[in-house]
Each structure stands twice: as C-alpha cells, then as structure tokens.
Amino acid sequence: MEHYDFQEEMKGLLRACIRRDFEGEFSAHEHDNVFIRRTRHPLSMRFEGFPIYAESVPKIIKSWAKFDEGFEFSLEDMLFLDLETSGLGRSGTLAFLIGLGYYEEEHFVVEQIFLPDPDAEENSFDRLRELLESRSIILSFNGKSFDIPVLESRLLYHHIWLNLREIAHLDVLHLARRMWKRRLSSCALENIEYYILDHPRCPETDIPGAQVPQAYQDFLYSGETELIKRIFAHNHDDILYLAILFALIADNASYPPKAGKDHRIDYHALARLYESVGEMKTARRILIDLISEGFVSADIAYDLGMILKKERDYNTALEAFEMAAELSHGDAMIEAAIILERDRRLDEALSYALKAQAFENSRYKPNAKRLEALSKRIKRLETKLNRA
DNA sequence: CATCTTTGGAAAACGATTGC
DNA sequence: GCAATCGTTTTCCAAAGATG
C-alpha cells in the first residue's frame, strides 16, 4: 500500500474527478494537496427526533472517563474523529479519509479530509492540527484502539510531531457497551444506530466498512467516484451519529433524569456505572427506584444488596439478598447465609446455605469449587448449631 | 494468647469485542 | 487480518474473626 509511483498526470486526473463530483475545496499546499469537504447542520436539526448536541456533560461521564477533577469541556472543546483507511492493520495502513466533527457558530460541522492520492497523506495532518489547537478532547468510536494508533503510526512515518496521546480522549464505544451490553447482542456503531437511535443505514448510499479499502484502491486506478461518494456518506454518518449517540448518553446519565426516564436507557446499567466510579448513593437510589417502580430482577436486587453490604447496612442488605434469592440468584443465597451467620442466626444461615447448594446442583454445569465452599460452610454451620 | 479460617479489596490474567 | 480496551474471572494478601 505504501509506495505508488503516481505520475503527476495521474494525480491531476484523480483530482479532476473529485473536483467534478464533489462540493469542497483543495488545501493550499503547493504539491499533493488534499480535498476538504464540509457539511453543516444547524444545532436545531433533529435526527429521528434526537438532538445533535448534549445540553451538558454530567460529572458521571467525566469520572468514568477518568478525567482530572478540574477538567471541564464544553461543546466547542470537542472534536469527533473517525478514519477511513486502507485496512485494519496499524502500521502501513493509510488513513485516506480523516472525518472530523465539531461545533461552531450554532452548527455541527462534519469536515472530511480526503486524499486524492496516497502521496498527499503528509499534508492531511495540517488541518487536524489546526482544529486540535482550539479543542481539548477527542471523541471517537473505538478510536483508542484503532484511529489514534493508526494516526500515530502515520505521523511517525512522516516524522510529524503531534501529541495525540496526551489529548483527553473519550471512546464512546466503551461507554455505549456499558449502557447496552445487556440489551444488544452487538454494540457496533451501526447496530446501536439501528436499535437505539432508530436509524437504519441506507444500503443504496452507504458502504459496508469491510469494502472500504477495496473501494479506495479501485478509485485510485479508475478515478471512478461512485464508491467514494458512499465512503463520504458513510464517514459522515459515522461522525454525525457518534455525536448524536454521545448526546443521548450525556443527556440521560445524570440521576434523577431531568427530562424523565427514557426507555432507551438501561437504568440498571446506569446504576452499575455509578457504582463503578464509587458513587454508591446514586447507584443505590437508582436500584431502589427501579424496584419500587416494579422493575425487579434477581440481578437488580443482588446488586442493591452488595451496595448495602459495603455500606454496612446489613439488615437492609439481607432484605435485598432474600429478594434476589427468592428470584433464584445463587450468589444472593450465599450472601444471605454470610450475613445471617454474622448475626448468629445460624439455623436461617444454614437454610440459605442448603438452598444455595441445591441451586448449584440444579444448574446445568455445577461449579465444583463453589460446591466445595458450600459444603464447608454447611459443615461449619452444622457444628456450630450442634454446639449450641 | 496463638493459630487457623473467612472475607473483601487489590492486582493480575483472561477473553470478547470493535474498528477498516 | 491486528491489537488496544475494558469487564470479568482468578489469584493473592492483609485484616478480621473464630477456635481451642
């Protein structure tokens, strides 16, 4: 993929094709300039009813992303990033389209930096650098694993210095996974778009990611822009719906929710998000609300029990574990036994330990270690009881 | 009081998943 | 096809607790 000996004439022809078929401008570089295309959406625009920007970014998101306490950012500080490349490798993979999204003058701007030929690559980073100078955070979808390493590798290759690693980076893939892992079989962007944002990709104008590398190759040989058009559209939608997705999460992550509960949000998952950053009060509140609203499940009751246990509210924790045990939660039975043994209610503890044992044995594949631990526990409780 | 067991939190190892 | 991330599972250790 690296060295095409592109004749100047060929480069000129490719640029002519791009100029003919797309709205946009070429950069001012004297040689090997790049093509830049901008699409502006007014902030009032709605897509499937969703706003394109978040009202604010709640603290929970910042703590989850492990940003410094004092690090604040507004819409204008965010730069969305999504690359189209010649493959999935790291080094030696050409980023022939750098898709960027940012908020400017009441608009969301999708800016796409396209290489009319591979030799233009080293000129494609100037605009990226320029935009980064006034922005403090990158948002991406799997960008921590893919886009940033690819860019770094290419910058290194061209001996260009740009500190991408030091820039704050929020990878929405991982946030989305935490939100919807239990509800969606796949948290790929396209799937989330479909099931959460209600937006099916149009097969007429879109292109599957796997076909992107070949499509660019073909363009380089033929100058045919039909598939490039699709790549532009695909990349544009990736950026746009990434922004919309982030806005949806950001606008619904505070608790209690300002605009009422949203059926797209998994509040159990949200509770776990709060729990994972140590915000036990909020996590507990969400779970208690869920239960009082009738959304009871074994896992919800168990999680609530674990939080209460950490807070040393053993009586309430026991209630939660008993509720979960009632709904056939094996670990909850053990936790109930632990608390009851602590409280010297040995016969009740034994009863739960026996329940847990029976439950474990009834499973498709009983866990040997767990059964052994349970036998120990039962034996201990029995001797304690006999002694008394 | 000395010793052995259980618990809970921290660290390490593992594995699934996503991007083009 | 490659590799970084993150949730989950496993392992390890210190503190707490039980036993004799």
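Please read these numbers as outputs of a predicted model, since none were measured by experiment. All chains are named by letter (A, B, ...) in the order of the sequence lines, taking the proteins before the strands, and each is independently numbered beginning at 1.
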Original post:
Can you list the steps and then say if Y194(A) with H199(A) is a side-chain hydrogen bond (donor to acceptor under 3.5 Å, both in side chains)?
Top reply: CA-CA 5 Å; Y194(A) 186 88; H199(A) 177 259; over 6 Å; no
**OP:** Ignoring backbone atoms, test whether R178(A) places a side-chain nitrogen or oxygen under 4.0 Å from the OP1 or OP2 oxygen of dG7(C).
**Re:** yes
Original post:
Is any side-chain N or O of R380(A) closer than 4.0 Å to OP1 or OP2 of dG17(C)?
Top reply: no
Subject >> Spacing of I192(A) atom CD1 and R264(A) atom CZ [to the nearest 0.5 Å] >> reply: 13.5 Å
Subject >> Gap separating the CZ atom of R37(A) from the CG atom of N235(A), nearest 0.5 angstrom >> reply: 9.5 Å
Identify whether any heavy atom of [X] sits under 4.0 Å from a base atom; if not, whether one sits that close to sugar-phosphate; answer base, sugar-phosphate or nothing.
X	value
L83(A)	sugar-phosphate
R344(A)	sugar-phosphate
L88(A)	base
S140(A)	nothing
D171(A)	nothing
K369(A)	sugar-phosphate

Original post:
Is the Lys NZ or Arg CZ of R154(A) less than 6.0 Å from the centre of Y157(A)'s six-membered ring, within 45° of the axis?
Top reply: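 Yes, R154(A) and Y157(A) form such a contact.
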Original post:
Distance under 6.0 Å and angle within 45° of the ring axis: does R183(A) meet both against Y195(A)?
Top reply: no
Round to the nearest Å and state the distance from [X] atom [atom1] to [N] atom [atom2].
X	N	atom1	atom2	value
I339(A)	dA16(C)	CD1	P	19 Å
E341(A)	dA18(C)	CD	P	8 Å
K181(A)	dC6(C)	NZ	C1'	8 Å
K66(A)	dT5(C)	NZ	P	11 Å
L170(A)	dC6(C)	CG	P	10 Å
R370(A)	dT10(C)	CZ	C1'	13 Å
L173(A)	dA4(C)	CG	C1'	11 Å
D299(A)	dT8(C)	CG	P	11 Å

Original post:
Should V110(A) and M45(A) be regarded as members of a common hydrophobic cluster, given that ILVMFWY residues are connected when their side-chain heavy atoms come within less than 4.5 Å of each other, either directly or indirectly?
Top reply: yes
Subject >> E193(A)/R201(A) salt bridge by N-O under 4.0 Å criterion >> reply: yes
Original post:
Toward the 5' end of DNA chain B, which comes first, D238(A) or R177(A), by nearest nucleotide?
Top reply: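 The answer here is R177(A).
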**OP:** On DNA chain B, reading 5' to 3', which nucleotide is the first and which the last to sit with an atom under 4.0 Å from a heavy atom of chain A, could you check?
**Re:** dT6(B) to dC20(B)
